[in-house]
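Note sheet for the following structure.
Computation of the quantities below employed the complete heavy-atom set of this structure, encompassing side-chain atoms and omitting hydrogens, waters and symmetry-equivalent molecules. Everything quoted here is computed from the prediction, not taken from an experiment. Each chain gets a letter, A, B and so on, in the order its sequence line appears, and its residues count up from 1.
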Protein chains: 2
Amino acid sequence: MADKYDSLKLENQLCFPLYACAKEVVKRYKPFLDKIDLTYTQYIAMMVMWEHKSVNVKELGEYLFLDSGTLTPLLKTLEKKGFVTRERSKEDERNLIVKVTDKGLKLRDEAVKVPMEMSGCIKFEKEDAAQLYRLLHKMLDNFE
Amino acid sequence: MADKYDSLKLENQLCFPLYACAKEVVKRYKPFLDKIDLTYTQYIAMMVMWEHKSVNVKELGEYLFLDSGTLTPLLKTLEKKGFVTRERSKEDERNLIVKVTDKGLKLRDEAVKVPMEMSGCIKFEKEDAAQLYRLLHKMLDNFE
DNA sequence: TCAAATTAAATTGTGTACAATATAATCACA
DNA sequence: TGTGATTATATTGTACACAATTTAATTTGA
């Protein structure tokens, strides 16, 4: 039953389940992230901020695979919410330094619940999760 | 060096590489999809149309994990490009029937090049790809 | 049988994503 | 040292993505 269009069947794609899975998982974060007033993208941005305290937009973009077109409005929102500050670097005014605030640091204590709540929500065997993690990072490494 | 915030580190996430990988792969489709005047979402919608010829919006949404909020404007765009038609079902006027046109079917012959071009662009061992495919579908199955 | 519930699409509003372009600061080097 | 190239961020325009709501058609059950 093979025909010349088999490569265009949805079930033969690798990218499609990747795309669909990512969306479905992010969707499942929503009820938990709502409680701490963050979207998923804001949440991963805050992860970087919690770990590094101070970064510029370019560095943040490299961590998250996002560019200034996405990050500029997102960081303005996080600033409005009081979780980060934004100011130009004195040494090189092209750089915009993003710093986590005290309020942003306090949020971290609420946010630690999120991974726990999620692991209760998505049942995926430890071994499978480790395999998936390894393969995704292998693919990401190929991109650089 | 373990601390109570380890679960919030970007490197300990499973969702983040999923999210990042999906975006990076979709981005790599762009130059090839530009040649046939489709975005990635329009491309996977056309995959369903090429295979099934005629579906309603609900069915299409089930195949693609998308809702009418995304599909309605997307299908209007595909209609404007002449690749599909949209009309209400006679039997049940709640249903909108989407049909692929002759122009849409012709596009398929151009589109078969895309998976070939992509496989030349993303080098990922056959075994890894098969593993990844299996794990992603296992996760998607858990969601239903 | 007909009003309430359900269903399918469409609409509205918010928030990404990203390509392309613009702007401003800094760097490199002739 | 000045100017052309480079770099970092911001802006603009297009296209998703989805929650929440609306509208219209159909189904259900007292």
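- Note: Tyr19(B) and Tyr40(A) have perpendicular aromatic rings, judged against thresholds of 30 and 60 degrees for the angle between ring planes.
- For the pair Thr77(A) and Ser89(A), both in contact range of DNA chain C, the more 5′-proximal nearest nucleotide belongs to Thr77(A).
- Applying the 4.0 Å criterion to OP1 and OP2 of dT11(C), one finds that Lys76(B) has a side-chain N or O inside that range.
- Of the two residues contacting DNA chain C, namely Asn56(B) and Lys30(B), the nearest-nucleotide position lying further toward the 5' end is that of Asn56(B).
- When the C1' atoms of four end pairs are superposed on the next four at each end of the helix from dT1(C)-dA30(D) to dA30(C)-dT1(D), using five pairs per end, the two resulting axes differ in direction by 10°, to 10°.
- To the nearest angstrom, C1' of dC18(C) lies 13 Å from CZ of Arg28(B).
- Checked against the 6.0 Å centroid threshold, Phe143(A) and Phe65(A) do not count as a close aromatic pair.
- If you check dT9(D), dA9(C), dA19(D) against the side chain of Asp67(B), the one that comes closest is dA19(D).
- For Arg94(B), counting side-chain heavy atoms from C-beta on, the closest listed nucleotide (dT16(C), dA19(C), dT7(C)) is dT7(C).
- In this structure, of dT26(D), dA10(D), dA17(C), it is dA17(C) that holds the atom nearest to the side chain of Lys23(B).
- Residue contacts for Thr39(B): at a heavy-atom cut-off of 4.0 Å it reaches the sugar-phosphate backbone alone, with no base atom in range.
- Distance Asp34(B) CG to dA15(D) C1': 13 Å, rounded to the nearest Å.
- Here the C1' atom of nucleotide dC16(D) and the NZ atom of Lys27(A) are 13 Å apart, to the nearest Å.
- Expressed to the nearest 0.5 Å, how far CD of Gln131(A) lies from CZ of Arg134(A) amounts to 4.5 Å.
- Within 4.0 Å of Glu91(B), counting heavy atoms only, lie sugar-phosphate atoms of the nucleic acid but no base atom.
- One can place CG of Leu96(B) at 10 Å from C1' of dA10(C), the figure rounded to the nearest angstrom.
- In this structure, Glu11(A) CD and Gln13(A) CD are separated by 9.5 Å, a value rounded to the nearest 0.5 Å.
- Nearest nucleotide to the side chain of Arg88(A), out of dT9(D), dA19(C), dA9(C): dT9(D).
- The phosphate of dG15(C) has neither OP1 nor OP2 within less than 4.0 Å of any side-chain N or O from Lys81(A).
- Under 4.0 angstrom from either OP1 or OP2 of dA10(C) there lies at least one side-chain N or O belonging to Arg86(B).
- For Asp102(B), the CG atom counts as loosely surrounded, since its 6.0 Å shell holds 12 or fewer non-hydrogen atoms of other residues, nucleotides or ligands.
- Distance CD (Glu79(A)) to P (dA10(D)): 10 Å, rounded to an integer number of Å.
- Picking from dA17(D), dA8(C), dA17(C) the nucleotide with the shortest atom distance to the side chain of Tyr19(A) gives dA17(D).
- Interatomic distance, CG of Leu96(A) versus CZ of Arg86(A), reported as 5.0 Å (0.5 Å rounding).
- Contact check, Asn95(B) against dA25(D): no side-chain N or O comes under 4.0 Å of OP1 or OP2.
- The main-chain N or O of Phe83(A) is found under 3.5 Å from a side-chain atom of Thr101(A) such that the two form a donor-acceptor pair.
- The CG-P distance, from Leu60(A) to dA17(C), rounds to 13 Å in whole Å.
- Atom CG of Asp34(B) sits in a crowded spot, with more than 12 heavy atoms from other residues, nucleotides or ligands closer than 6.0 Å.
- Positionally, the nearest nucleotide of DNA chain D for Lys58(A) lies more toward the 5' end than for the other of Lys58(A) and Asp92(B).
- In terms of polar N and O atoms assigned as donor or acceptor, the side chain of Ser68(A) never comes within less than 3.5 Å of the base of dA8(D) in a complementary pairing.
- In this entry the distance linking NZ of Lys90(B) with P of dA8(C) reads 19 Å, nearest Å.
- Backbone-only contact: Leu66(B) has heavy atoms under 4.0 Å from sugar-phosphate atoms and none from a base.
- Within the nucleic acid shown, Leu74(A) comes within 4.0 Å of sugar-phosphate atoms alone, with no base atom in reach, counting heavy atoms only.
- The interatomic distance linking Glu59(A) (CD) with dT7(D) (C1') rounds to 14 Å, in whole Å.
- In this model, the phosphate group of dA15(D) is not approached by any side-chain N or O of Thr41(B) to a distance below 4.0 Å at OP1 or OP2.
- For dA9(C), the base has no donor-acceptor partner in the side chain of Thr72(B) [N/O atoms by modelled type, under 3.5 angstrom].
- Base engagement by Thr70(A) is indicated by at least one non-hydrogen atom pair under 4.0 Å involving a base atom.
- Taking the six-membered ring where tryptophan is involved, the planes of Tyr43(B) and Trp50(B) are perpendicular, since the angle between them exceeds 60° and thus also 30°.
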